[in-house]
Amino acid sequence: MMKSSAHRRCFPMISLAGFPTVLLGVFSYAAETARPADPRPNILFAIADDWGFPHAGAYGDKVVKTPTFERLAREGVLFTHAFCASPSCTPSRGAILTGQAIHRLEAGGNLWSYLPSRFEVYPDLLEAAGYVVGCTGKGWGPGDFRYGGRTRNPAGPAFRNFDEFLATVPDGRPFCFWFGSVDPHRPYEKGSGRAAGMKIEDVVVPPFLPDTPEVRSDILDYYFEVQRFDRDVAALLEALEASGRAANTLVVMTSDNGMPFPRAKANLYDAGTRLPLAMRWPAKIRPGRVIDEFVTFADFAPTFLEAAGLKPRPAMTGRSLLDVALGGPSQPREMVFLERERHANVRRGDLSYPCRAVRTKRFLYIRNLRPDRWPAGDPEKHEAVGPFGDIDGSPTKDVLLDNRDDPRIGRFFRLACAKRPAEELYDLLKDPAQLTNVADRPEYAGQKRNLRDALDRWMKETGDPRATSDDDPWDRYPYFGKR
């Protein structure tokens with residue numbers, strides 16, 4: 001069965017196909033002639049659940065259809081090197097809201113956790129500055145925000161839909177709205193992608209997955225839900241335009257972590273951390289640009305605060321993207337840092353699988369801090385999901401587990417599930433799919449040392465507890481997921 005979602009009942013599926021670009025532009029902003037400009041922008045943040053890079057037409061994917069994302073990229077800016085702070089829903093969303101690396105958020109670094117109320121979140125800060133704030137769908141989480149001392153979801157007060165929220169925004173007041181889709185999170189309706197007209201023979205299977213009919217069909221079902229998210233965002237934009245507020249609204253469309261497939265979601269490889277991102281702000285951002293600079297999702301909170309005329313909080317480890325988005329002078333990052341703690345509760349003793357990583361344009365260096373543990377979860381079910389439970393249940397997972405002894409499938413099973421060494425290093429120029437670990441090769445010793453040192457500095461400078469103590473505090477935080 002298809003999963004239910006309140007926001008799908010609220011927003012009809014709208015196609016922009018057939019509308020000339022000029023007419024779209026006229027329709028978008030004509031209603032604003034009667035409304036005085038507000039110096040502070042509105043903020044509309046649309047986040048998918050498990051949508052990975054490069055699964056959008058703007059990045060060259062020829063199967064999935066994402067016209068809304070392409071429109072925002074065309075009318076704003078498209079980012080090609082955007083990375084979540086952690087490839088897991090709860091900590092990724094916590095980093096977005098707080099502007100901080102997840103190792104600073106205590107329990108908030110885990111899936112199905114809580115976010116202590118002393119960690120400030122940008123919706124609260126904007127609300128205190130006069131913004132009207134709201135949220136629909138999946139905000140921060142999954143987890144128990146009340147356990148952390150909060151009275152509402154950190155993403156803002158709940159509304160049934162964007163139209164209901166807009167009706168509460170007085171003229172002359174800016175708003176900040178979070179639209180959290182549950183697409184393309186599993187489970188999927190089997191065969192939905194093919195039923196929608198996508199062709200199984202057109203699928204490009206990632207090199208870390210076996211090319212079988214079951215995997216191809218599973219990818220099409222994932223694409224179907226990506227397309228549904230795209231249509232829902234189209235409805236948001238239509239409501240925004242009808243309200244007369246589009247020109248001075250900063251719209252962000254992205255995801256929280258990578259695709260829910262083996263070796264993707266919950267992993268620090270690109271398939272788990274590199275994400276689609278487009279931003280549009282007609283009043284400020286020059287359209288049609290592609291930005292190759294590194295972005296980490298801890299950058300969103302300081303960006304939104306600066307756009308609203310506020311200073312980012314001192315605790316934030318992210319930095320504002322406004323200079324980059326507006327085309328002004330900036331200091332491009334040479335690297336981004338990635339991390340994960342406990343995803344699902346799938347290891348005996350409630351153990352996490354802690355990792356830290358640094359990603360440059362040429363290399364990905366990963367440090368697996370507990371290489372004795374199973375990276376995808378114990379081979380036998382512990383508390384949640386099932387065997388190797390950090391991988392969502394799926395036809396693709398079944399192919400790997402059921403055929404692990406088949407030489408044609410076994411290597412994909414090992415890539416996803418086998419134990420990993422303490423250090424991994426991938427040469428992205430030669431190995432963009434990150435399949436061959438070169439950490440022990442002598443010719444890479446210098447690069448590995450430099451990346452190891454950079455990671456150590458970042459961990460110390462940002463107050464990572466693992467930089468100073470060989471302890472596992474994240475193993476002891478409560479887990480509020482299903483058991």
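Positions are given from 1 along the sequence. Quick caveat, the model's predicted, so the values are computed rather than measured.
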| request: Say whether Tyr477 and Asp350, considering side chains only, have a donor N or O and an acceptor N or O under 3.5 Å apart. | output: no

| message | Could you check whether Asn257 and Asp50, counting side-chain N and O atoms only, form a donor-acceptor pair closer than 3.5 Å? | response |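 Asn257 and Asp50 do have a side-chain donor-acceptor pair below 3.5 Å.
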
| message | Exactly one of Glu75, Met279, Arg280 should register a side-chain contact (heavy atoms from CB on, under 4.5 Å) with Val251. Which one does? | response |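 The passing option is Arg280.
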
| field | Matching residue for His103 among Arg340, Arg356, Glu341 - test: side-chain contact (heavy atoms from CB on, under 4.5 Å) | value | Arg356

| message | Among Phe45, Tyr131, Phe165, exactly one meets ring pair (Phe, Tyr, Trp, His ring centres under 6.0 Å) together with Phe177. Which residue is that? | response |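 So, applying the ring pair (Phe, Tyr, Trp, His ring centres under 6.0 Å) to Phe177 and each of Phe45, Tyr131, Phe165, only Phe165 qualifies.
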
| field | Pair Ser330-Asp323, side-chain hydrogen bond (donor to acceptor under 3.5 Å, both in side chains): steps then yes or no | value | CA-CA 6 Å; Ser330 63; Asp323 286 345; over 6 Å; no

| field | Charged tip of Arg186 within 45° of Phe261 ring normal and under 6.0 Å | value | yes

| task | Cation-pi check, Lys361 to Phe294: give yes when NZ or CZ is under 6.0 Å from the six-membered ring centre and within 45° of the ring axis, no otherwise. | result |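 Yes.
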
| message | To check you understand the geometry: which heavy-atom pair defines the closest contact between Arg319 and Asp299, and what is its length? | response |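 Closest approach of Arg319 to Asp299, heavy atoms only: N-OD1, 2.8 Å.
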
| query | What closest approach, in Å, do Trp281 and Ala247 show between heavy atoms, and which atom pair accounts for it? | reply |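 Taking every non-hydrogen atom into account, CD1-O, 3.7 Å.
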
Quick one: does any side-chain atom of [X] pair with a main-chain N or O of [Y] as donor and acceptor, under 3.5 Å?
| X | Y | answer |
| --- | --- | --- |
| Lys397 | Asp392 | no |
| Arg231 | Thr66 | no |
| Asn110 | Trp474 | yes |
| Ser92 | Cys89 | no |
| Thr98 | Phe119 | no |
| Trp51 | Pro184 | no |

| query | In this structure, which one of Arg359, Lys265, Arg263 forms a salt bridge (Lys or Arg N to Asp or Glu O under 4.0 Å) with Asp270? | reply | Arg359

| said: Taking CZ in Arg146 as the centre, count heavy atoms belonging to other residues, nucleotides or ligands within less than 6.0 Å. Is the count above 12? | reply: no

